[in-house]
Enquirer: 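Following this message is one structure expressed as structure tokens.
Bear in mind that the values here come from a model prediction, so they are computed numbers and not experimental data. In the text below, chain A, chain B and the rest are named by the order of the sequence lines, each starting its count at 1.
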Amino acid sequence: RMFPDPSSIPGWLSSHAPPGVWDSYRNFTGCQRGKTYEGLSKIKDYFHHFGYIPNAPPSNFTDDFDDALEAAVKIYQKNFNLNVTGELDDATLSQIVRPRCGVADIINGTTTMNSGKSDTNTTATSSTKLKFHTVGH
Amino acid sequence: YTFFDGKPRWPEGTTELTYAFDPGNNLEDVVKNVFARAFSRWSEVTTINFTETTSFSDADVKIGFYTGNHGDGEPFDGVLGTLAHAFSPTDGRFHLDGAEDWVASGDVTTASLSTAVDLESVAVHEIGHLLGLGHTSVKEAIMYPTITAKTRKVKLMDDDIAGVQNLYGSNPHYTDTTTTSSRETSNGGRH
């Protein structure tokens with residue numbers, strides 16, 4: 001839906017805003033490595049989509065909080081300047097559910113976002129999405 | 001700042017790129033003007049200018065609003081979540097999620113709808129991808145991957161400017177006025 005300006009948003013609509021598609025991820029706050037949580041595979045899908053889990057299994061992701069997910073969480077936390085705990089803590093989930101660009105953050109398993117210096121010339125090398133970009137043309 | 005794999009860019013010597021809107025979207029001028037402003041923010045600092053054309057098929061940059069599966073293998077997901085995506089040079093595709101509550105002008109921070117998203121903020125970010133920039137960890141930069149609802153963030157930061165000037169050089173008329181924050185206005189919004 002397109003609104004020319006904020007005042008053009010109908011009042012009735014304001015009280016019926018749907019939840020964001022990722023809001024349910026907050027239910028995974030506090031999940032820990034080594035345990036299984038129903039629906040956790042969706043978080044893995046998220047991390048895979050944005051390049052944090054580079055290799056997708058031949059079948060769907062499991063609901064296990066495994067080493068791959070912990071590693072993904074740590075890289076994500078580094079990229080977004082969060083405390084690197086490897087846990088799905090409140091700060092990390094709050095960042096994850098934010099609306100974002102669909103282009104991936106990670107290329108070939110190498111973090112491209114947090115080079116440590118804002119003026120460092122860092123070349124992204126690949127990702128699920130970027131691979132699609134480059135192969136597509 | 002970062003670049004895409006292989007540091008793709010528009011060909012050496014490119015000074016002008018054309019853009020067009022998917023005619024199926026029937027966008028009003030107020031919306032088209034948002035994109036014009038977003039393009040101009042990048043043109044002010046680098047050597048590439050953008051010109052609207054009516055020929056969607058021939059345009060260098062093709063802009064469209066779509067929902068769900070829309071043919072590029074990257075389906076949109078509904079309200080919030082993924083807002084938009086754009087492709088690295090010289091692909092030119094620039095897609096926005098038609099399910100979002102886009103606000104084209106005015107102070108989005110006053111929107112009564114918690115899911116309102118400032119169109120220009122997202123457009124400026126995606127144009128960075130179209131030019132060849134990847135994501136950055138600099139939170140204040142335009143190329144930071146996330147943006148909260150009801151937030152406006154349209155001014156290029158030093159990190160963004162340095163990145164695009166690395167690719168295409170500086171606009172000779174550009175005067176560096178150090179940008180300390182890319183947010184014109186913001187509030188907590190939904191998140």
Side-chain angles (χ1 to χ4, degrees), chain A residues 1-11 13-23 46 49-50 78-81 94-108 111-134 136-137, chain B residues 1-8 27-28 30-31 72-74 76-88 90-91 100-108 110-117 119 122 125-126 129 134-139 141 145-149 158-159 162 166 190-191:
Chain A
R1 296 177 289 201
M2 185 67 67
F3 301 101
D5 58 66
S7 65
S8 64
I9 298 173
L13 195 59
S14 302
S15 57
H16 291 84
V21 295
W22 294 335
D23 283 359
Y46 175 99
H49 183 81
F50 294 109
K78 182 184 177 190
N79 272 354
F80 286 88
N81 305 306
S94 294
Q95 182 68 42
I96 286 173
V97 301
R98 284 184 182 156
R100 59 162 292 157
C101 170
V103 175
D105 302 331
I106 302 284
I107 315 292
N108 264 354
T111 179
T112 62
M113 282 175 56
N114 204 336
S115 60
K117 295 179 182 177
S118 62
D119 60 349
T120 298
N121 177 351
T122 306
T123 299
T125 51
S126 179
S127 78
T128 302
K129 183 162 186 67
L130 303 185
K131 199 176 293 176
F132 163 76
H133 289 175
T134 52
H137 57 99
Chain B
Y1 58 88
T2 65
F3 303 118
F4 288 98
D5 183 17
K7 199 178 177 181
L27 298 176
E28 297 179 5
V30 65
V31 177
D72 63 2
E74 299 288 331
F76 282 127
D77 52 10
V79 177
L80 300 181
T82 298
L83 304 175
H85 55 232
F87 294 71
S88 57
T90 54
D91 183 287
E100 307 300 344
D101 295 313
W102 296 106
V103 175
S105 66
D107 185 0
V108 73
T110 66
S112 56
L113 190 58
S114 60
T115 51
V117 178
L119 178 60
V122 175
H125 176 97
E126 298 304 330
H129 288 316
H135 286 148
T136 180
S137 285
V138 178
K139 189 176 182 180
T146 64
I147 183 168
T148 54
D158 290 347
D159 186 69
N166 182 292
R190 183 175 181 81
H191 304 288

Enquirer: Which atoms form the tightest heavy-atom contact between A:Pro4 and B:Ser105, and what is the distance?
Expert: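 Result for this residue pair: O-OG, 2.6 Å.
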Enquirer: Among B:Asp101, B:Thr110, B:Val103, B:Thr115, which residue meets the side chain to side chain contact (heavy atoms under 4.5 Å, CB included) test with A:Ile9?
Expert: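 Considering B:Asp101, B:Thr110, B:Val103, B:Thr115, a side chain to side chain contact (heavy atoms under 4.5 Å, CB included) with A:Ile9 is found only for B:Val103.
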Enquirer: Would you mind telling me which of A:Ser7, A:Ser14, A:Gly11 has the largest number of heavy-atom pairs within less than 4.5 Å of chain B?
Expert: A:Ser14
Enquirer: Of all the heavy-atom pairs spanning A:Pro6 and B:Asp107, show the shortest one and how long it is.
Expert: CG-O, 3.2 Å
Enquirer: Heavy-atom pairs under 4.5 Å with chain A are the metric here; pick the option from B:Gly106, B:Ala84, B:Gly78, B:Ala116 that has the most.
Expert: B:Ala84
Enquirer: If every non-hydrogen atom of A:Met2 is compared with every non-hydrogen atom of B:Ala104, which pair is closest and at what distance?
Expert: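 Heavy-atom minimum between the residues: SD-CB, 4.3 Å.
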Enquirer: With sequence neighbours excluded, what pairs up with A:Phe3 under the ring pair (Phe, Tyr, Trp, His ring centres under 6.0 Å) test?
Expert: none
Enquirer: What is the distance from atom OG1 of B:Thr148 to atom CZ of A:Arg100, rounded to the nearest 0.5 Å?
Expert: 14.0 Å
Enquirer: For the candidates A:Val21, A:Leu13, A:Asp5, A:Asn81, which exhibits the highest count of non-hydrogen atom pairs separated by less than 4.5 Å from chain B?
Expert: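 Looking at each of A:Val21, A:Leu13, A:Asp5, A:Asn81 in turn, A:Val21 comes out on top.
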Enquirer: Rounded at 0.5 Å granularity, tell me how far CZ in A:Phe50 sits from OG1 in B:Thr82.
Expert: 4.0 Å
Enquirer: Has B:Ser137 got a side-chain atom pairing as donor or acceptor with A:Met113's backbone, closer than 3.5 angstrom?
Expert: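 Checked: pair present.
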